[in-house]
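If you're wondering where the values come from, they're calculated on a predicted model, not measured in any experiment. Every chain is numbered from 1, with letters handed out A, B, ... down the list of sequences.
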Amino acid sequence: MSKRFVYADNSATTKVSENALKAALPYFTQNYGNPSSIYSLGMEAAKAVLSARQQVANALGAARVNEIYFTSGGSESDNWAIRGAAALGEKKGKKHIITTAFEHHAVLHTCEYLEKQGFEVTYLPVSSKGLITAQQVEKAIREDTCLVTVMFANNEIGTIMPIEEIGKVCKAHNVLFHTDAVQAVGHTDINVQTMNIDMLSLSGHKIHAPKGIGALYCRTGINLPNLIYGGAQERNRRAGTENVPSIAALGAAITDAVTDIEIKNSKTSAMRDRLIEGILKIPQTRLNGDTEHRLAGNVNISFRGIEGESLLLTLDLKGIAASSGSACTSGSLDPSHVLLAIGLPHEIAHGSLRLSINEENTEEDVDYILEVLPEIVKKLRKMSPLWERICKTEGIEDYTEK
Amino acid sequence: MSGGVDSSVAVKLLQEMGYEVAGATMHLYSNEDIGLEDTKTCCSLSDVEDARLVALKLGIDFYVFGFETAFKEKVIDSFVNTYLEGGTPNPCIECNRYLKFRKFLERARLLGYDMIATGHYVTKEYSESKGRWLLKRAPDRKKDQSYVLFHLDQYQLEHTLFPVGDMNKEQIRSIAEKNGLVNADKPDSQDICFIPDGDYGKFITERNGEQPAGDIVLSDGTVLGRHRGLINYTVGQRRGVGVSYSEPLFVIDKDISHNKLVMGTAEEIFRPFLTAKNVNFIPFDTIDEPLRCTAQTRYHQQDVPCTVYPVEDGRVRVEFDDPHKAISKGQAVVFYDGEYVLGGGTIE
């Protein structure tokens with residue numbers, strides 16, 4: 001069997017698309033001017049930034065182009081939105097924030113920081129399927145709530161939250177609503193106006209733009225204080241010379257991302273379902289997340305008795321790039337807070353696999369994964385003392401012995 | 001790899017010997033796990049980054065193995081429990097036993113590598129006559145680390161290389177300098193990695209709460225004063241106990257069931273024998289008759305003559321020719337025949 005390469009980690013990052021690359025290239029060596037300069041080279045760059053801003057605004061259904069601010073990525077956008085909203089709340093004596101237990105660390109750690117600054121944070125518990133409800137949000141809202149921040153789609157288990165309903169609740173109670181939509185953009189329809197989203201974070205490299213570029217949508221009228229001070233870029237709200245090539249690439253990438261979402265999703269979800277069905281044939285496995293409200297490309301499955309890290313390294317030897325939740329900068333893995341939040345015991349959360357595919361994957365990729373994975377799981381279980389213990393204590397027949 | 005000088009030079013030597021080498025670091029704990037607040041990120045990254053930099057310089061692949069769960073169970077928890085039971089644990093041995101030479105080796109084999117190499121100062125050789133691998137002390141006795149490797153089995157010895165084991169610090173330093181591994185200037189690791197400030201008492205108190213104060217007594221029961229919780233004392237300790245007496249006193253026992261710290265004179269700290277469990281032998285599987293050899297009961301200690309007797313359940317009784325100082329429960333007793341490590345066990 002010849003070794004293939006299958007990239008199944010699109011929730012971690014994506015390949016830069018031809019269109020995005022093409023959009024970026026002129027701004028490296030030809031139109032390399034500073035958008036703030038008055039000569040024509042600078043104006044060319046400024047035009048590129050403006051046209052990308054228009055593209056992002058269109059993709060999100062924003063009412064105005066100048067509601068889009070370019071940032072360094074999802075984490076900066078999250079930090080800016082949450083810390084900004086907290087500062088606005090504090091002025092009015094409102095120091096309560098509502099979020100969920102399974103947000104991305106960019107949100108969770110920002111909230112933890114704010115707790116140390118005297119804010120109170122409610123972490124809504126997540127159902128075993130990995131969802132929260134608008135009712136939960138409504139119940140948690142208090143007189144002094146200054147912000148609700150709920151992710152659009154979860155990065156590990158791919159569940160999609162009822163954002164429109166939550167938006168309605170927040171509007172009714174006049175509370176600011178921010179959503180981290182890093183995993184959702186391009187995978188599900190988003191309209192910040194009809195969904196009553198006040199602020200939305202997105203990241204370029206999850207949608208085939210380069211790393212290091214992102215955006216924050218911030219509705220007109222929200223006077224968000226700056227996170228980064230300096231020059232007058234982004235209408236005085238976010239200092240730093242614009243990352244013109246990446247901004248141009250983001251504009252092209254997001255335009256492609258929101259085109260034909262349904263067509264792409266139907267292809268991707270068919271492959272996803274075949275993967276899930278095939279993998280669940282392996283004994284002692286479970287699917288994490290919801291079957292209905294799920295990103296089209298997300299597969300997250302726990303295998304009892306093995307370590308996720310061994311699984312990933314062995315998959316890599318077979319040319320399959322996957323992940324086991326969110327990887328930290330060392331390349332080492334912590335037990336996923338997301339899987340713990342949906343109630344998985346530590347031991348099972350440890351042996352989990354996330355495959356995140358997209359429309360560029362093929363049926364052959366799926367075949368290959370389904371051919372290789374069961375054998376790897378069997379091999380790892382065979383050498384796992386934990387698996388042996390599980391079989392013994394629960395009276396499970398050990399199929400690896402056959 | 002730690003990014004330190006020993007493992008960096010080890011990689012260089014292996015490359016020169018023609019091995020295909022990859023590097024890996026075990027990620028064992030987060031700063032939060034050990035009560036350090038400064039990083040709320042998921043890992044304490046500096047050691048990992050140091051090692052990654054060396055790997056890049058040497059042109060080898062580099063992996064990080066996340067063994068936090070096993071480290072907590074097998075090393076940190078067992079350290080705390082042994083302390084609470086009145087023993088003096090040696091977590092480095094447990095880490096070698098369960099992580100470095102078990103999980104790390106297993107992971108390397110899974111990735112298709114034949115062997116692991118470590119920067120330990122020991123050597124190994126194959127005995128044709130015995131058909132077994134043998135473990136020897138490092139020639140540089142000051143650096144010798146055989147004491148913490150007595151538990152190695154034949155599979156582990158066969159699949160492990162000790163490239164720097166027969167070198168001295170000067171040789172290592174000169175190879176490091178010649179190859180521009182000056183980043184390898186990191187200080188040698190000290191004490192216990194997960195208690196960087198060395199305050200074991202505080203570490204345990206933070207996890208398990210304040211330990212009750214109690215009496216400090218002589219072996220005849222005479223009360224000398226009060227102690228601040230038994231975890232704050234070590235068998236053999238002389239200074240810092242805070243009692244005065246006509247002659248120097250040492251901690252000779254921690255009586256957990258009565259919460260008493262037992263002090264004794266220099267004479268009383270010597271004991272003629274000990275028993276040990278979890279015993280491993282290297283040149284043979286077991287012993288059925290008494291074994292004459294030397295033994296040491298602390299890391300850096302002169303080995304002394306003794307006789308090892310097999311007792312039930314694979315345990316052994318060690319009788320010293322002359323009474324031996326400060327034998328502590330939880331430490332290892334390691335047996336030697338000249339430069340060869342015969343094996344060892346955990347003192348009961």
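Within the 4.5 angstrom heavy-atom criterion, atoms from both the backbone and the side chain of A/S310 approach chain B.
Rounded to the nearest 0.5 angstrom, A/T314 OG1 and B/L111 CG are separated by 7.0 Å.
When every heavy atom of B/L110 is checked against every heavy atom of A/L317, the shortest pair comes out as O-CD1, 3.4 Å.
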Full working for side chain to side chain contact (heavy atoms under 4.5 Å, CB included) between A/E307 and B/R107: CA-CA 11 Å; A/E307 291 176 329; B/R107 194 54 75 74; 2.8 Å; yes

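Under the 4.0 Å criterion applied to side-chain N and carboxylate O atoms, A/E309 and B/K103 are not assigned as salt-bridge partners.
For A/K95, the NZ atom sits in a packed shell: over 12 heavy atoms of surrounding residues, nucleotides or ligands are nearer than 6.0 Å. Atom CD of B/Q145 has more than 12 neighbouring heavy atoms from other residues, nucleotides or ligands inside a 6.0 Å radius. Counting heavy-atom neighbours within 6.0 Å of B/E20 CD, excluding the residue itself, gives a total of 12 or less. Other residues, nucleotides and ligands contribute more than 12 heavy atoms inside 6.0 Å of the CD atom of A/E394.
Side-chain contact between B/E68 and A/H350 is absent, with no heavy-atom pair separated by less than 4.5 Å.
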